[in-house]
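Structure, as structure tokens:
Only heavy atoms go into these numbers, but all of them, side chains included; no hydrogens, no water, no symmetry mates.
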Amino acid sequence: MLIANPKATSSSRRARDLLVRAVSGDLDLDLVETAYRGHATELASRAVVDGHDVVIAVGGDGTVNEAVNGLLAKGPSPDLPALAVLPCGSANVFARALGLPNDPVDATRAVLDALRAGRHRTVGLGTATHTGAAKRYFTFNAGVGYDAEVVREVERRRLSGARAYPSLYVRTAVRHFFAGTDRRHPALAVEVPGRPAITGVFLTLISNTAPWTFLGPLPVNPSPRAHFRTGLDAFGIRSMEVPAFLGGLAGMLTARSRPIRGRAVLNVHDAAEITVRADRPVAFQLDGDYLGEVESITFRSVPEAVRVVI
């Protein structure tokens with residue numbers, strides 16, 4: 001089953017059709033298009049029931065996230081269809097973290113070669129659970145606090161017609177830092193079983209792999225040791241003063257293999273479970289999608305959750 005999002009940020013119908021023609025010559029293909037938010041989840045669930053061998057997600061990270069949640073609606077199993085990704089979004093973090101080219105045509109060639117050769121790998125994912133909502137899987141990142149607020153503001157601007165270029169995220173992040181978010185009263189506490197809780201946190205970034213995201217061609221890497229083969233990593237900021245915040249941001253954009261250090265940051269590596277609690281409702285996002293406000297949310301690592309064609 002090939003699940004295509006016709007409104008993926010950087011794709012057009014012509015580009016989508018080129019991708020479909022490229023794969024349809026090699027595969028017995030069931031092509032479906034998403035029509036609304038959450039539709040890819042329903043379609044991937046149907047692919048499991050109908051016995052498809054592979055689900056190909058054509059779109060951005062949001063489409064991939066929905067497809068993953070449809071595949072894993074009843075939990076991981078070696079009998080589930082494999083997942084293939086053809087990146088047609090603005091960031092395509094999951095596809096790029098897997099090593100796929102960011103160009104849709106080059107990625108199509110790579111995926112077709114992998115399908116012909118029967119190549120795949122099994123990767124770990126994360127889940128997020130909070131009161132009043134079903135468990136949801138995420139592929140590469142989650143965020144609670146300031147970064148999720150920025151995602152919320154970007155989504156509002158996109159609804160008004162703005163394009164999701166990296167410059168939109170940068171402008172929104174700067175504007176929200178100085179005129180939107182609460183920089184005086186940290187709301188968050190980060191808890192890892194067996195360790196003392198860390199309080200006074202303004203934002204928490206949860207990583208299932210590295211990098212956490214991309215800013216155009218630049219990787220943004222708060223937790224460089226995060227990997228699909230390990231548990232979850234977390235990075236937090238305990239000061240929103242300009243020097244401390246800029247120092248943390250500079251560390252994220254600097255190529256390195258060690259975590260960012262400093263009195264104003266926290267780092268967690270290879271955790272099976274991380275809980276973030278807040279003293280007031282705070283924004284959270286998964287895989288770049290804003291999902292509302294929470295006061296407590298628990299993230300868990302799910303090893304070897306899904307087979308990926310690569």
Examine distances only and state if a side-chain atom of Asp287 and a backbone atom of Phe138 form a donor-acceptor pair shorter than 3.5 Å.
-> no

For Tyr146 and Ala173, indicate whether the former's side chain and the latter's backbone hold a donor-acceptor pair under 3.5 Å.
-> yes

State yes or no: do Val190 and Phe235 share one hydrophobic cluster built from I, L, V, M, F, W and Y residues joined by side-chain heavy-atom distances below 4.5 Å, directly or via other members?
-> no

Quick one: does Asp182's side chain have a donor or acceptor within less than 3.5 Å of a partner on His185's backbone?
-> yes

With a cut-off of 6.0 Å (strictly less than), are more than 12 heavy atoms of other residues, nucleotides or ligands near CG of Asp50?
-> yes

Around Arg184, counting heavy atoms of other residues, nucleotides and ligands shown, do more than 12 lie under 6.0 Å from its CZ?
-> no

Exceeds 12 heavy-atom contacts within 6.0 angstrom, atom CZ of Arg229 = no

Residue pair Asp289 / Glu155, side-chain heavy-atom distance below 4.5 Å = yes

Transitive ILVMFWY side-chain link Ile56 to Val64, under 4.5 Å | yes

Quickly, which of Glu149, Arg171, Arg152 forms a side chain to side chain donor-acceptor pair (under 3.5 Å) with His176? Name it, please.
-> Glu149

Are any side-chain N or O atoms of Arg96 and backbone N or O atoms of Thr213, one a donor and one an acceptor, separated by less than 3.5 Å?
-> no

Atom CD of Glu295: over 12 foreign heavy atoms under 6.0 Å = yes

Going by atom types alone, do Asp61 and Asn65 pair a side-chain donor with an acceptor below 3.5 Å?
-> no

Is there a donor-acceptor pair closer than 3.5 Å between any side-chain N or O of Thr230 and the backbone N or O of Ala226?
-> no

Side-chain donor/acceptor of Asn141 to backbone N/O of Leu205, under 3.5 Å = no

Worked verdict on Phe178 versus Val242 for side-chain contact (heavy atoms from CB on, under 4.5 Å) | CA-CA 10 Å; Phe178 287 105; Val242 173; 4.2 Å; yes

Verify the cluster assignment for Leu72 and Leu98: are they in a single hydrophobic cluster under the rule of side-chain heavy atoms below 4.5 Å apart?
-> yes

Do Asn102 side-chain atoms and Pro87 backbone N/O form a donor-acceptor pair below 3.5 Å?
-> no

Quick one: do the Thr41 and Asn69 side chains pair a donor with an acceptor below 3.5 Å?
-> no

Quick check: does any side chain N or O of Asp270 sit under 3.5 Å from a backbone N or O of Gly231, one acting as donor and the other as acceptor?
-> yes

Step through it carefully: locate the ring centre of Phe228, locate the ring centre of Phe94, and say whether they are under 6.0 Å apart.
-> yes

Under 3.5 Å: donor-acceptor pair, side chain of Glu66, backbone of Gly38 = yes

Does Arg156 have any side-chain hydrogen bond (donor to acceptor under 3.5 Å, both in side chains) partners at least two apart in sequence or in another chain, and if so, which?
-> Glu153

Polar side-chain atom of Ser45 near backbone of Gly70 as donor-acceptor pair, under 3.5 Å | yes

Please check if Val282 and Val154 belong to a single hydrophobic cluster, counting links between Ile, Leu, Val, Met, Phe, Trp and Tyr side chain heavy atoms closer than 4.5 Å.
-> no

Relative to each other, are the rings of Phe245 and Phe177 parallel, tilted or perpendicular (30° and 60° limits)?
-> tilted

Among all residues two or more places apart in sequence or in another chain, which pass the salt bridge (Lys or Arg N to Asp or Glu O under 4.0 Å) test with Arg116?
-> Asp26, Asp113

